[in-house]
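See below for the structure under consideration.
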Amino acid sequence: MGRLTSSLAWKNLKEHQNVVARIPIQKFFETQPERVKQFSFEIGDILLDFSKNKLTQQTLNLLIKLAEQEKLPKKIDEMFSGEKINFTEKRSVLHIALRNLSNEPLKVDGWDVMPRVNAVLLKMRNFTQKLHNGFWRGFSGESITDIVHIGIGGSDLGPRLVCEALAPYSHPEIRIHFVSNVDGTDIQNALRNLNPSRTLFIVASKSWTTQETLLNANTAKRWFQKNGSPDERDIAKHFVALSTNEEACASFGIPSENMFHFWNWVGGRFSLWSAIGLVISLYIGFDNFYELLAGANIIDKHFKNTNLEQNIPVLMGLLGIWYNNFFGYRTQAIVPYDTLLQKFPAYLQQLIMESNGKRINYDGDTVDYSTSPIIWGQAGTDAQHSFFQLLHQGTQIVPVDFLVPVEPHHPLANHHDVLVANAIAQSEALMEGRTKKQVEQELEESNIGPYDQRELIPHRVFPGDRPSTTIFYRKLTPRTLGMLLALYEHRVFVEGAVWGINSFDQWGVELGKKIANKVLSTIESGHIQSIANPSSRFLIEYYLQHKRW
């Protein structure tokens, strides 16, 4: 056994789990009259109800002892003080600086980063106002109406989620399009029907070496020069860069004044708060982008300054550890009952699994416990007609997060009442289930014959005792969305800190890229024998024989 799994805190939780596992969640409500009050927390316009989870106050006490044993408070302080907690890349982790609206100094290597952060924010605000006011114009003198954001991973998923979620706040004359996939269909669909004289391209690549992003950027450039202006000088009127590589951007045709900087202490999946969020600012306005930052900053302060017992991201992270490591629940479903948040599960897939999908700890040892759960989900009520059958009666238990707005952005009150009723009902049904006795009573009151009743009974029993957390928010505003995103960001940090892994590198992404470059070279040269693996050689050969160009 490793150090963590042989520790006293871990052993105490294992023993406690043996007791709690035998008690149905519903029983806790019968013996704990104040359970809902005890396990629900409010911050700003957000309410989190943890009461339908398989835990007691003793559970939380033991989980907090585990967190203290693993020095979680110290690790939180290290992140906020600019320590290089991304130790494999020797980098600080300071996405929190990007929404540090109080301007308290945050230092990296002794230098306060806030002046540079504020300079980029000012540049984003000025550019947004210039474009919205019609002062930024294309080569033909026309104003910009369409923006194509080219990125991948966090530089795509974050801005895409936020723009879709905050569409009710969008500028009436701005349309946005996202391109991320190297599949040519993606950019072909984005460019279809666009007017090059009224289109602005935002290219997001920190190093300006990302294969997918540069391929799409160069395709966009060729399209612009073919269908718009062949004059190299006009590139500067239609392309801006979000990058750190000024020389490479200039070679592409993007001058430094069109370049928005961010820094190596901003990880891709935490980057929407940075210049990567330029498309957000252009779509919903800088004031609303600022509100997004303000919402995240509220959670940052809460996370930094609140004791572990009342710290909401800490509780979210510890609950994830409780289910993953002590119950063996290896997946988690995210179900927003809000169509505006339909990209939220995909966003969290990257945030959580790329951050904590690790197997090596701080000491360089292979861990002997499960780390990141598999994250998946879909918007409700569609999800009820998709995978909820498995959640209710399947052989695997899947903890669920329900996200529900109190107030929608539409005027159809009857629709929203039905939506909210379904969300609450699903969480209750997962917990309560349906007993054999209840099914028998229902069937007796039906017109179904006795023989058919006996045959149906086992199929209509629901085991229940399946956990869920419900997150209500008053309305999906920029501030509320910022809070929600930051809650999950810090939950990721908590889990990684307790597991003793680096949540901020992504070496697993690099291996596939390196092999892809080798395979591409083989495809272009036709020297198949340079590929050692027989299966890969066979697949390349098949592709070369059948491709039509």
**Message:** Is there a side-chain hydrogen bond (donor to acceptor under 3.5 Å, both in side chains) between Q384 and Y337? Walk through the geometry before answering.
**Reply:** CA-CA 11 Å; Q384 294 174 199; Y337 275 70; 2.6 Å; yes
**Message:** Does F127 form a ring pair (Phe, Tyr, Trp, His ring centres under 6.0 Å) with F286? I'd like the steps, not just the answer.
**Reply:** CA-CA 9 Å; F127 185 78; F286 184 82; over 10 Å; no
**Asked** When you look at V400 and T469, which way does the side-chain contact (heavy atoms from CB on, under 4.5 Å) test go after all the steps?
**Response** CA-CA 6 Å; V400 183; T469 299; over 6 Å; no
**Test applied, side-chain hydrogen bond (donor to acceptor under 3.5 Å, both in side chains); reference residue, W499; option that passes from N324, T371, N361, N325** =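 That would be N325.
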Between [X] and [Y], is there a side-chain N and carboxylate O pair less than 4.0 Å apart?
{"X": "R198", "Y": "E173", "result": "no"}
{"X": "K74", "Y": "E78", "result": "yes"}
{"X": "R491", "Y": "E495", "result": "yes"}
{"X": "E489", "Y": "R99", "result": "yes"}
{"X": "D365", "Y": "R3", "result": "no"}
{"X": "D146", "Y": "R175", "result": "yes"}
{"X": "D77", "Y": "K304", "result": "no"}

Examine distances only and state if a side-chain atom of [X] and a backbone atom of [Y] form a donor-acceptor pair shorter than 3.5 Å.
{"X": "S271", "Y": "G268", "result": "yes"}
{"X": "N356", "Y": "S503", "result": "no"}
{"X": "K75", "Y": "A497", "result": "yes"}
{"X": "K358", "Y": "D505", "result": "yes"}
{"X": "N258", "Y": "A236", "result": "yes"}
{"X": "N297", "Y": "L293", "result": "no"}
{"X": "S386", "Y": "A383", "result": "no"}
{"X": "W273", "Y": "L292", "result": "no"}
{"X": "T5", "Y": "M1", "result": "no"}
{"X": "S525", "Y": "S521", "result": "yes"}

Taking the six-membered ring for Trp, are [X] and [Y] closer than 6.0 Å centroid to centroid?
{"X": "F289", "Y": "Y169", "result": "no"}
{"X": "H177", "Y": "H149", "result": "no"}
{"X": "Y362", "Y": "F87", "result": "yes"}

**Asked** Can you say whether the rings of F504 and H95 are parallel (under 30°), tilted (30 to 60°) or perpendicular (over 60°)?
**Response**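 Aromatic pair F504/H95 classed tilted.
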**Message:** Does the plane of the ring in F344 sit parallel, tilted or perpendicular to the ring in Y488? Use 30° and 60° as the thresholds.
**Reply:**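 F344 vs Y488 ring planes: perpendicular.
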Is any side-chain heavy atom of [Y] closer than 4.5 Å to one of [X]?
{"X": "L94", "Y": "V266", "value": "no"}
{"X": "S92", "Y": "V108", "value": "yes"}
{"X": "F493", "Y": "V93", "value": "no"}
{"X": "F139", "Y": "H238", "value": "yes"}
{"X": "F262", "Y": "L98", "value": "no"}
{"X": "R222", "Y": "N218", "value": "yes"}
{"X": "D401", "Y": "V335", "value": "no"}
{"X": "V203", "Y": "S243", "value": "no"}

Non-hydrogen atoms of [X] and [Y] that approach each other most closely:
{"X": "G2", "Y": "D368", "value": "N-OD2, 2.7 Å"}
{"X": "I152", "Y": "S180", "value": "CD1-O, 3.5 Å"}
{"X": "L341", "Y": "A165", "value": "CD2-CB, 3.9 Å"}

Going by distance alone, is a donor N or O of one side chain under 3.5 Å from an acceptor N or O of the other, for [X] and [Y]?
{"X": "E212", "Y": "N181", "value": "no"}
{"X": "D109", "Y": "W111", "value": "no"}
{"X": "R125", "Y": "T128", "value": "no"}
{"X": "S355", "Y": "R269", "value": "yes"}
{"X": "N502", "Y": "T88", "value": "yes"}
{"X": "T244", "Y": "W263", "value": "no"}
{"X": "Q378", "Y": "Q342", "value": "no"}
{"X": "Q396", "Y": "R330", "value": "no"}
{"X": "S229", "Y": "D231", "value": "no"}
{"X": "T522", "Y": "S530", "value": "yes"}
{"X": "Q349", "Y": "E354", "value": "no"}

**Spacing of L215 atom CG and T210 atom OG1 [to the nearest 0.5 Å]** =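 Here the rounded value is 12.0 Å.
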**Asked** CH2 of W208 to CG of N245: how many Å apart, nearest 0.5 Å?
**Response**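 CG of N245 is found 8.5 Å from CH2 of W208.
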**Prompt:** With respect to L282, which candidate in I176, I147, I144 satisfies the side-chain contact (heavy atoms from CB on, under 4.5 Å) definition?
**Reply:**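 Single pass found, and it is I147.
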**Request:** Take L166 and L340 through the test side-chain contact (heavy atoms from CB on, under 4.5 Å) and record every step on the way to the result.
**Result:** CA-CA 7 Å; L166 298 180; L340 293 171; over 6 Å; no
**Message:** Pair V240, L278 - check side-chain contact (heavy atoms from CB on, under 4.5 Å), show working.
**Reply:** CA-CA 10 Å; V240 299; L278 178 63; 4.1 Å; yes
**Message:** Whether K221 engages the ring of F239 as a cation-pi pair (distance to the six-membered ring centre under 6.0 angstrom, angle to the ring normal within 45°) should be assessed.
**Reply:**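 Relative to the ring axis of F239, which defines the angle, K221 lies outside at least one limit.
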**Greater than 12 external heavy atoms within 6.0 Å of Q545's CD** =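 More than 12 within 6.0 Å, yes.
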**Request:** Check step by step if side-chain hydrogen bond (donor to acceptor under 3.5 Å, both in side chains) holds for N264 and E89.
**Result:** CA-CA 10 Å; N264 65 11; E89 297 179 296; over 6 Å; no
**Request:** Show the numbers, then the answer: is there a side-chain contact (heavy atoms from CB on, under 4.5 Å) between Y347 and L272?
**Result:** CA-CA 11 Å; Y347 170 80; L272 70 90; 3.7 Å; yes
**Request:** Mind running side-chain hydrogen bond (donor to acceptor under 3.5 Å, both in side chains) on N288 and E291 for me, showing each step along the way?
**Result:** CA-CA 5 Å; N288 284 320; E291 278 293 294; over 6 Å; no
